[in-house]
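Below is one structure, written out as structure tokens, with a few remarks after it.
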Amino acid sequence: MSRTRQIVLDEFIIQKEKDFPYATGELSALLRDIGVAAKIVNREVNRAGLADILGQAGADNVQGEAQQKLDVLANNTFINSLKTSGECAGIASEEDEDIICIDVDGEKAKYVVAMDPLDGSSNIDVNVSIGTIFSIYRRLSEKCPCTHGDFLQKGREQVAAGYVIYGSSTMLVYTTGNGVNGFTLDPSIGEFYLSHPDIKIPSKGSIYSINQGGYTKFPKGVQAYLDYCQGLDGNNDKPYSLRYIGSMVADLHRNLIKGGIFIYPSTADAPKGKLRLLYECNPMAFIVEQAGGKATTGKVNILDLQPTELHERTPIFIGNKEMVEKAEAMLVQYGQAAV
Ligand code: P6P
């Protein structure tokens with residue numbers, strides 16, 4: 001019998017449960033709890049301008065960045081939802097200096113979650129798309145409390161990763177290693193409907209995303225690639241379009257759908273770049289690789305990096321395989337050291 005409506009997130013998760021090599025339902029429950037938290041944050045994001053949530057919460061996060069009130073709300077919402085799930089043994093959040101261990105009574109929880117609860121928060125007050133990014137690992141520790149080692153696993157070890165984009169519509173996009181699927185929220189009934197099944201990044205792209213303002217500080221190879229994208233070096237008769245929102249989730253979601261490359265390179269001031277490995281680059285790399293794309297540091301696959309610190313950063317070149325490899329070739333030819 002053909003379906004009379006699109007499948008919703010919870011139904012999809014249960015149906016796909018058979019895809020998990022260790023299908024026992026805990027990961028499904030965890031993904032559902034993330035979906036619940038996303039709906040709550042979506043409600044607050046959508047009324048941010050009205051609920052006196054705009055502006056700063058008066059505190060700084062571990063990055064030394066002024067926390068926005070929505071940052072705090074999103075962080076607390078996801079932490080509370082993950083705590084009640086009973087499936088999560090611990091959390092590493094961009095907003096918290098150290099890991100949050102959850103002492104789960106009874107059967108020990110199997111998973112830990114690394115997250116950026118509200119990515120792109122500098123865009124909150126100007127009503128530009130922002131997002132949540134999450135990464136799920138099987139815990140390695142045998143008993144509570146969880147340890148840093150549970151989180152300092154290579155991105156290749158992720159069992160699931162996803163993002164929520166709070167934009168013109170709110171979407172949840174995730175992978176468990178069997179392709180990438182996107183769900184759009186119908187706020188009138190509070191359900192995420194499967195709207196983008198089996199997302200694949202287009203094989204060709206003509207969008208490049210980078211904060212061009214940093215050009216003079218970029219490695220020579222990045223400068224050469226940007227010149228190529230703009231047709232300045234005479235080797236590209238169809239110059240690309242520059243699109244840069246300043247929210248990693250928004251820039252990557254557009255490139256995932258339309259094709260393109262996103263670059264946040266190293267600079268002399270920031271030799272490891274700006275974006276965090278655990279809860280920005282690894283989950284996005286897992287998603288883009290599952291969608292047929294590629295994500296590297298300009299040299300090494302992001303998913304193969306061995307993390308040593310919770311909040312460590314890495315340069316990232318992510319998007320169409322062809323575009324990433326063209327950028328890598330120019331880094332080799334012209335130099336990838338930060339100038
Ligand atoms: P810049 C947002 O603060 C963020 O962490 C990412 O979402 C975004 O891609 C990047 O920083 C933007 O950084 O230096 O271009 O403002």
Side-chain angles (χ1 to χ4, degrees), residues 41 45 48 54-57 59-72 74-75 78 92-96 114-135 161-167 170-171 173 207-219 222-223 226 229 242-256 260-285 287-288 293 295-298 302 310-319 324 327 338:
V41 171
V45 165
L54 293 181
Q56 301 192 358
D60 288 353
N61 65 16
V62 294
Q63 325 294 337
E65 296 159 347
Q67 278 189 330
Q68 301 289 331
K69 288 181 181 176
L70 267 180
D71 276 324
V72 176
N75 195 43
F78 277 94
S93 169
E94 184 200 36
E95 297 300 329
D96 294 284
M115 68 174 182
D116 182 353
L118 208 58
D119 167 71
S121 45
S122 57
N123 287 309
I124 291 173
D125 287 354
V126 293
N127 206 17
V128 169
S129 298
I130 51 183
T132 298
I133 311 172
F134 63 89
S135 167
Y163 61 82
V164 184
I165 177 167
Y166 310 99
T170 292
M171 281 190 69
V173 177
I207 292 171
Y208 70 104
S209 308
I210 191 168
N211 186 338
Q212 186 96 10
Y215 182 91
T216 58
K217 297 181 180 173
F218 294 155
V222 174
Q223 292 176 347
L226 297 184
C229 290
L242 172 61
R243 295 285 183 272
Y244 193 69
I245 300 168
S247 279
M248 185 187 196
V249 170
D251 280 314
L252 282 189
H253 180 70
R254 181 207 49 246
N255 290 0
L256 187 66
I261 185 172
F262 174 92
I263 302 172
Y264 208 104
S266 62
T267 61
D269 310 342
K272 299 275 273 183
K274 172 182 182 182
L275 299 178
R276 294 75 163 184
L277 176 59
L278 250 62
Y279 40 76
E280 289 175 329
C281 298
N282 266 337
M284 287 309 201
I287 291 165
V288 168
T296 76
T297 62
I302 293 284
L310 288 181
H311 301 290
E312 74 180 70
R313 303 170 192 263
T314 177
I316 185 167
F317 296 69
I318 181 170
V324 171

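One-based numbering along the sequence shown. First listed ligand is number 1; within each ligand, the first listed atom is number 1. Since this is a predicted model, take the numbers as computed values, not measurements.
Under a 3.5 Å cut-off, the side chain of Asp251 and the backbone N or O of Gly246 do form a donor-acceptor pair. The main-chain N or O of Ser209 is never found under 3.5 Å from a side-chain atom of Arg243 such that the two would form a donor-acceptor pair. Between the side chain of Asp119 and the main chain of Met248, a donor-acceptor pair closer than 3.5 Å is present. Here the side chain of Thr132 pairs no donor or acceptor atom with the backbone of Leu118 at under 3.5 angstrom.
Close contacts of ligand 1 with Asn211, meaning ligand atoms under 4.0 Å from a residue heavy atom, involve 1 (P), 14 (O), 15 (O). Residue contact check: Phe262 has heavy atoms under 4.0 Å from atoms 9 (O) of ligand 1. Here is the list of ligand 1 atoms found below 4.0 Å of a heavy atom in Gly120: 2 (C), 7 (O).
Considering only non-hydrogen atoms, atom 8 (C) of ligand 1 lies nearest to Gly246 out of Gly246, Gly214, Ser209. When Lys274, Glu94, Glu280, Arg313 are ranked by how near their heavy atoms come to atom 11 (O) of ligand 1, first place goes to Lys274.
Note: an N/O pair closer than 3.5 Å links Met248 and ligand 1 by distance alone. In terms of N/O distances under 3.5 Å, ligand 1 is not approached by Ser247.
With a heavy-atom cut-off of 4.0 Å, Leu275 touches ligand 1 through its side chain alone. Heavy atoms of Arg276 found under 4.0 angstrom from ligand 1 belong exclusively to the side chain.
Ring geometry for His311 against Tyr279 counts as perpendicular: the plane angle is over 60°, on a 0 to 90° scale with 30° as the lower cut.
From the protein, the heavy atom lying nearest to atom 15 (O) of ligand 1 is Tyr244 OH, 2.5 Å. When hydrogens are left out, the protein atom nearest atom 14 (O) of ligand 1 is Tyr264 OH, 2.6 Å; that is the closest non-hydrogen contact. Summary of contacts: the protein heavy atom closest to atom 7 (O) of ligand 1 is Asp119 OD1, 2.6 Å.
Surrounding CG of Asn211 are more than 12 heavy atoms belonging to other residues, nucleotides or ligands, all under 6.0 Å away.
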Check against side-chain contact (heavy atoms from CB on, under 4.5 Å), Val45 and Thr170:
CA-CA 10 Å; Val45 165; Thr170 292; over 6 Å; no

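Using modelled atom types and a 3.5 Å distance limit, the side chains of Ser135 and Asn282 yield no donor-acceptor pair.
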